[in-house]
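What follows is a short report on a single structure.
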Amino acid sequence: LKDPRLSFVSVLLIIVFLISSVSAGYLISRKYLALYNYEQGLYAVNVSGNINDAETSLIRAIGYDEQDLYYRTLSGIEVARLQMLFNSKDIPQDKLVEQIKATLSQASGTAKRAVDLNKSNYLNWMALGYVGEIVVPIKSITDAYKLASDSYTTALGQNSNNPAIALALARLERDRL
C-alpha cells in the first residue's frame, strides 16, 4: 500500500477484527462451558442419582452463563433434596429442621432468580409455585400457599392452554386441606 492513510486504516480494521474475534471466542467459550456443566449436572442427577454433584455442576454452569433454565433446574434439584429430607429418619430433629430451612431458602431463591431473569416463561413461574407447593402441608410455613397460588396463577395467565398448570392448582388446593 502506497498511501500511508490507507495502510493505517487497513491495520486499524485488522486490529478491530482481531479484538472482536477474541471477544466473540471468549463469549462462545463461556456459553459452551456453561452448557457442558449443565449437561454434567443433568447426567449426575438423572443417571447417577447424585444430587450433590448435580448441584455443583449447575452452580458452575450459572457461574459461566446465567440462564433461567439453569436456575430453574437447580431449584428442581433443591426440591428433590427437600423431599429426601422430609423422608429422612436418621437425622436428629433439630438438624433436620435447620437443613430443611436452608434447602427451602435455596430452592425458593433459585426459582425466584429464574423468574427475575425471564418473567415471561411460564415454566419459571411453575418452578417457583412448586417450591411453595412442596411445603404447603407444613402448616407452620404460612406464606407457602400464597407463593404457590400466585405463581401458578401467573403461569396460567401466560399459558392458559396447559392442563398441567390447572392440575398443579388442584394439587395445591388438595394439599392445603
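Side chains are part of it too, since the values below use all heavy atoms of this structure and drop only hydrogens, waters and symmetry mates. Computed from a predicted structure; not experimentally measured.
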Checklist entry - Do other residues, nucleotides or ligands put more than 12 heavy atoms under 6.0 Å from Y64 OH? => result no

Next on the checklist: Take a 6.0 Å sphere around CG of N159 and say whether it holds more than 12 heavy atoms from other residues, nucleotides or ligands.
Outcome noted: yes

Kindly say whether [Y] contributes a backbone atom to a donor-acceptor pair with the side chain of [X] at under 3.5 angstrom?
| X | Y | answer |
| --- | --- | --- |
| S108 | S105 | yes |
| Q106 | K101 | no |
| S48 | V45 | no |
| S20 | V16 | yes |
| W125 | V115 | no |
| S75 | Y71 | no |

Gap between atom [atom2] of [Y] and atom [atom1] of [X] - 0.5 Å precision:
| X | Y | atom1 | atom2 | value |
| --- | --- | --- | --- | --- |
| Y122 | N162 | OH | CG | 4.5 Å |
| Q99 | D94 | CD | CG | 10.0 Å |
| I134 | D175 | CD1 | CG | 8.5 Å |
| Y152 | I165 | OH | CD1 | 10.0 Å |

Would you say that [X] contacts [Y] through its side chain, given a criterion of any heavy-atom pair below 4.5 Å between the two side chains?
| X | Y | value |
| --- | --- | --- |
| R72 | L69 | yes |
| R113 | D116 | yes |
| N46 | L42 | yes |

Checklist outcome for this item: Residues pairing under salt bridge (Lys or Arg N to Asp or Glu O under 4.0 Å) where one sits in residues 122-138, two or more places apart or in two chains, turn out to be E133-R171

Item to check | Pairs flagged by salt bridge (Lys or Arg N to Asp or Glu O under 4.0 Å) wherever residues 5-32 is involved - sequence neighbours left out | outcome: D3-R5, K31-D65

Next on the checklist: Among residues at least two apart in sequence or on other chains, which ones pass side-chain hydrogen bond (donor to acceptor under 3.5 Å, both in side chains) with E78?
Outcome noted: R81

Next on the checklist: List the residues meeting side-chain hydrogen bond (donor to acceptor under 3.5 Å, both in side chains) with T110, not counting sequence neighbours, and say none if there are none.
Outcome noted: none

Below 3.5 Å, can you tabulate the donor-acceptor pairs from side chains in residues 34-41 to any protein atom, sequence neighbours excluded?
from, atom 1, to, atom 2, distance (Å)
N37, OD1, R60, NH1, 2.9
N37, ND2, L33, O, 2.8
Y38, OH, T73, OG1, 3.3

Item to check | Residues L74, I62; criterion side-chain contact (heavy atoms from CB on, under 4.5 Å); working and verdict | outcome: CA-CA 10 Å; L74 184 57; I62 289 168; 3.9 Å; yes

Checklist entry - Between E98 and K95, does a salt bridge (Lys or Arg N to Asp or Glu O under 4.0 Å) hold up when you go through it step by step? => result CA-CA 5 Å; E98 184 179 306; K95 288 187 180 187; over 6 Å; no

Next on the checklist: Under the criterion side-chain contact (heavy atoms from CB on, under 4.5 Å), I'd like the reasoning laid out for L27 against S23: C-alpha separation, chi angles, the key distance, then a yes or no.
Outcome noted: CA-CA 6 Å; L27 292 175; S23 298; 5.6 Å; no

Checklist entry - Would N124 and N121 count as a side-chain contact (heavy atoms from CB on, under 4.5 Å) if you check the C-alpha gap in whole Å, the side-chain angles of each, and the deciding distance to 0.1 Å? => result CA-CA 6 Å; N124 295 336; N121 189 342; 3.5 Å; yes

Compile the donor-acceptor pairs under 3.5 Å between side chains in residues 84-93 and protein atoms, sequence neighbours left out, one pair per line.
from, atom 1, to, atom 2, distance (Å)
N87, ND2, Q83, O, 3.2
S88, OG, D90, OD1, 3.0

